[in-house]
Amino acid sequence: MKVLSPILACLALAVVVSHATLSPEQYWSYKLPNTPMPKAVKEILHPGLMEEKRTSVNVGGGGVNVNTGKGKAGGGTHVNVGRKGVGVNTGKPGGGTHVNVGGKGGVGVNTGKPGGDTHESSFLYQYAASETQIHDDPNVALFFLEKDIHPRATMSLHFTENTEKSAFLPYQTAQKIPFSSDKLPEILNKFSVKPGSLKAEMMKNTIKECEQPAIEGEEKYCATSLESMIDYSISKLGKIDQAVSTEVEKQTPMQKYTIAAGVQKMTDDKAVVCHKQNYAYAVFYCHKSETTRAYMVPLEGADGTKAKAVAVCHTDTSAWNPKHLAFQVLKVEPGTIPVCHFLPRDHIVWVPK
């Protein structure tokens, strides 16, 4: 009988133990012993226990008003960043353009006309917005420039309740469930979702996005369990230093927030960003980029509420759609200057050591 060496035996045991017998929380501790679990992951693991504390970031109420100390007080665009992403209201009652950038990267545009809704299910970087869909307000600030991330800059923020309750499935369970467009009828039946319903369409779009190729310069992966998201992030980054998400102390009405001292640059190039999808259970669309700077931005509300918002700046946008919303809002060309945006609270940024 052949006996395995102690090292090979340990490796074999680790493979068996890691996925087969450990809970998602135990797997996190096993693979990331020195990395605190972000609040967003805890809430998705235990949605019932965290329900009363569940909040998501909405930037705007009328939106992100990045005030760098110039212009008229109260001016600017209101941007809404919540479970379904970022919404922009250009400010004209009953008219103008309303843009919702989905938490999974898709963008919906409402031009204010009956039947004028459109939805792009492609990932954020590939989205094209026509000039007619962008209001001519020069202060539109759905996206912002890196130079605007500094203490004393002000933003109108609203932290609203997040009603998304889909939780992680254990790795072994998720691996047994198909996740492909050709298996959609079987998937819908398994989760008792009526074909043609809104939920069915959301699930269909999520799978479709996961099956689309990544843009040039990036690698993508859809994680159907916490364990697979951990494995992907480690495989692309090596040792993990931080896994972070946007957090807020409590739910408040829309109010002015000020960037406080202590803005932290977490990474200067490489990162994995994972976006929570609309699905029957927790699925994350993850993409690795080596042209990303990520910041943790401390915020202080007018009522004293504190928040920590994750901002991501893309330093190479040359592969983005030339008509991407960011270029039209900021009046810059692809590949010329970093483009930044805040992340909703149920997105996760993984940072290497």
Side-chain angles (χ1 to χ4, degrees), residues 24-25 28 32 35-60 64 79-87 100-108 121 123-124 157-169 174 199 202-203 205-207 209-210 220-230 232-233 240 242-252 266 271-287 292 294-297 299 307-312 341-351:
E25 294 98 325
W28 181 287
L32 303 168
T35 304
M37 182 181 288
K39 184 177 179 182
V41 172
K42 294 178 181 178
E43 291 185 358
I44 297 168
L45 280 170
H46 304 289
L49 295 177
M50 305 297 290
E51 187 168 354
E52 290 185 3
K53 297 181 179 180
R54 190 182 314 273
T55 56
S56 67
V57 178
N58 277 307
V59 181
V64 151
V79 180
N80 209 357
V81 182
R83 177 176 61 88
K84 294 186 177 179
V86 185
N100 283 297
V101 183
K104 59 181 180 178
V107 179
S121 60
F123 197 65
L124 186 65
L157 303 173
H158 189 200
F159 297 88
T160 62
E161 181 182 5
N162 185 349
T163 58
E164 175 58 63
K165 299 181 185 298
S166 61
F168 284 114
L169 291 181
K199 186 171 183 178
M202 288 165 48
M203 292 173 66
N205 288 337
T206 289
I207 294 175
E209 285 192 355
C210 288
K220 55 171 281 192
Y221 171 75
C222 280
T224 56
S225 67
L226 177 59
E227 294 92 326
S228 60
M229 180 163 58
I230 292 171
Y232 175 77
S233 299
I240 303 297
Q242 298 181 74
V244 297
S245 60
T246 294
E247 297 183 9
V248 59
E249 279 185 339
K250 63 181 180 181
Q251 182 175 333
T252 66
M266 297 181 290
V272 167
V273 182
C274 295
H275 311 273
K276 192 164 189 286
Q277 306 291 281
N278 290 315
Y279 206 69
Y281 54 92
V283 171
F284 278 80
Y285 184 119
C286 299
H287 57 106
T292 297
Y295 296 85
M296 182 61 76
V297 183
L299 301 167
K308 295 186 296 182
V310 178
V312 172
H341 59 87
F342 284 103
L343 290 180
R345 59 158 304 282
D346 51 4
H347 293 197
I348 301 165
V349 176
W350 301 79
V351 179

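Side-chain atoms are counted along with the backbone in the values below, which use heavy atoms only and exclude waters and symmetry mates.
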TODO: Answer yes or no for Cys286 and Cys222: SG-SG distance under 2.5 Å.
DONE: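 The sulfur gammas are not closer than 2.5 Å, so no.
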
Which heavy-atom pair separates [X] from [Y] by the least distance, and what is that distance?
X      : Y      : answer
Ala40  : Asp346 : CB-CA, 4.2 Å
Ile348 : Ala243 : CG2-CB, 4.4 Å
Val244 : Met296 : CB-CE, 3.8 Å
Ile240 : Ser233 : CD1-O, 3.9 Å
Leu299 : Ala309 : CD1-CB, 3.8 Å
Lys220 : Cys210 : NZ-O, 3.2 Å

Open item on the list: Using the rule side-chain contact (heavy atoms from CB on, under 4.5 Å), only one of Val349, Val351, Thr35 pairs with Gln242; which is it?
Closed with: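 Exactly one option meets the side-chain contact (heavy atoms from CB on, under 4.5 Å) with Gln242, and it is Val351.
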
Task: Given Phe284, Tyr279, Tyr281, the one that forms ring-ring contact (aromatic ring centres under 6.0 Å, His included) with Phe168 - done: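 With Phe168 as partner, Phe284, Tyr279, Tyr281 yield a single ring-ring contact (aromatic ring centres under 6.0 Å, His included), made by Phe284.
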
Evaluate the side-chain proximity of [Y] to [X]: yes if any heavy-atom separation is below 4.5 Å, no if none is.
X      : Y      : value
Lys199 : Met203 : yes
Pro344 : Lys276 : no
Tyr285 : Thr206 : no
Leu32  : Trp350 : yes
Val272 : Met229 : no

Open item on the list: Using 30° and 60° as the class boundaries, would you call the ring planes of His275 and His347 parallel, tilted or perpendicular?
Closed with: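 Correct class here is perpendicular.
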
Open item on the list: Tell me if a side-chain donor or acceptor on Thr246 pairs with a main-chain N or O of Leu343 at a distance below 3.5 Å.
Closed with: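 Checked: pair present.
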
- [ ] Quick one: pull up CD1 in Ile207 and CD in Gln277 and give me the separation to the nearest 0.5 Å.
- [x]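 The CD1 atom of Ile207 sits 10.5 Å away from the CD atom of Gln277.
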
Open item on the list: For the CD1 atom of Ile44 and the CE atom of Met37, what is their distance to the nearest 0.5 Å?
Closed with: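 Ile44 CD1 to Met37 CE: 10.5 Å, rounded to 0.5 Å.
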
